[in-house]
Amino acid sequence: MLSRLKQHAVEFVIIGGVCGVMHGVPLVTKDLNICRQFTPENLYRIQTPVKDLHPYHRLAANRFPLEPTDELCSRLKNLYLQTDLGKLDCLGEVAGVGSYEQAFRQSVAYRLSYGEFRILDIDALIAAKEAIGRDRDREAVRYLVAIKEKLSKPPNKPQSDA
């Protein structure tokens, strides 16, 4: 899914469980959560990389297919899709962080073999997970805090046998 989004120049910040995994959290996630600006242009742009994956609105009672219209785009704040590749949740803002612009400012570059992506920095991800507060988010926060502490410590220097 990330490769497809990258190929179609979709601008976003990776948030949620995948972001945690990229920071080193050893928890399984089954969806991709991204934050992006919710403008009609951006919503139309998300359709291209997923259109052959049979996307539908997974939280809607009738699970209607993704077929953006100007009217629909003007009403959406979030987009929760089910596709043949799994769940893709597109959020207009991140709890504990704020809007797409704020998420972008609190993101760092992360390189994969198929491109460079923006992910929430560890402090922003901790804030987001704390704001959501589900059990799995609290568990992720424990890992993230430990990872942050480990990264902030200077490396041990070997002692010489003098």
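Along the sequence shown, residues are numbered consecutively beginning with 1. What you see below is based on every heavy atom in this structure, not just the backbone, and it leaves out hydrogens, waters and symmetry mates.
In this structure K87 satisfies the side chain to side chain donor-acceptor pair (under 3.5 Å) test with no other residue, sequence neighbours excluded. Every residue was checked against the side chain to side chain donor-acceptor pair (under 3.5 Å) condition with R142, not counting sequence neighbours, and none meets it.
Distance check: Q106 CD to I122 CD1 gives 13.5 Å after rounding to the nearest 0.5 Å. Distance check: C90 SG to L32 CG gives 8.0 Å after rounding to the nearest 0.5 Å. The CD atom of Q82 lies 9.5 Å from the CG atom of D31; values are rounded to the nearest 0.5 Å. F12 contributes atom CZ, which lies 7.0 Å from atom NZ of K6 (distance to the nearest 0.5 angstrom). For the atom pair CG of L85 and OG1 of T83, the computed distance is 5.0 Å after rounding to the nearest 0.5 Å. Note that CG of L5 and CZ of R36 are 8.0 Å apart. Values are rounded to the nearest 0.5 Å.
Cluster membership for Y56 and L59, using ILVMFWY side-chain heavy atoms within less than 4.5 angstrom, is not shared. By the criterion of side-chain heavy atoms lying less than 4.5 angstrom apart, applied directly or through intervening Ile, Leu, Val, Met, Phe, Trp or Tyr residues, L88 is grouped together with Y114 in one hydrophobic cluster. A single hydrophobic cluster is not seen to contain both L91 and L43; linkage of ILVMFWY side chains at heavy-atom distances under 4.5 Å, directly or through other members, places them apart. There is a path of hydrophobic side-chain contacts, each under 4.5 Å, that joins L79 to M1. One hydrophobic cluster, built from ILVMFWY side chains closer than 4.5 Å, holds both L2 and L53.
Under a 3.5 Å cut-off, the side chain of N78 and the backbone N or O of G92 do form a donor-acceptor pair. Without hydrogens or angle criteria, H23 side chain to L120 main chain gives a donor-acceptor distance under 3.5 Å. Remark: the backbone N or O of P49 is paired with a side-chain donor or acceptor of R4 at under 3.5 angstrom.
The shortest side-chain heavy-atom distance between L66 and H57 falls under the 4.5 Å cut-off. At a threshold of 4.5 Å between non-hydrogen side-chain atoms, the residues N33 and Y80 do not count as touching. The side-chain heavy atoms of C35 and F104, taken from C-beta on, include no pair separated by under 4.5 Å. The shortest distance between side-chain heavy atoms of E139 and V25 does not fall below 4.5 Å. V108 has its side chain within reach of I119: a pair of non-hydrogen atoms, C-beta onward, lies under 4.5 Å apart. At a threshold of 4.5 Å between non-hydrogen side-chain atoms, the residues Q102 and V94 do not count as touching. In this structure, the side chains of R136 and L27 stay at 4.5 Å or more apart for every pair of heavy atoms. Contact annotation: the side chain of M22 approaches that of L112 to within less than 4.5 Å [non-hydrogen atoms, C-beta and beyond].
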Check step by step if side-chain contact (heavy atoms from CB on, under 4.5 Å) holds for I34 and I46.
-> CA-CA 11 Å; I34 63 173; I46 198 91; 4.2 Å; yes
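For the residue pair K129 and G17, the shortest heavy atom distance occurs at NZ-N, 3.8 Å. Annotation for E149 and S152: closest pair O-OG, 2.9 Å, computed over non-hydrogen atoms. Listed here is the closest heavy atom pair of S107 and V13: CB-CG1, 3.9 Å. Across A131 and A95, no two heavy atoms sit closer than the pair CB-C, 3.8 Å. Of all the heavy atoms in L125 and C19, the pair that sits closest is CD2-SG, 3.7 Å. A pairwise comparison of heavy atoms in R118 and A109 identifies NH1-N, 3.5 Å as the closest pair.
Salt bridge status for R45 with E41: present, with a side-chain N to carboxylate O gap under 4.0 Å.
A donor-acceptor contact under 3.5 angstrom links the side chains of E101 and S99, judged on distance only.
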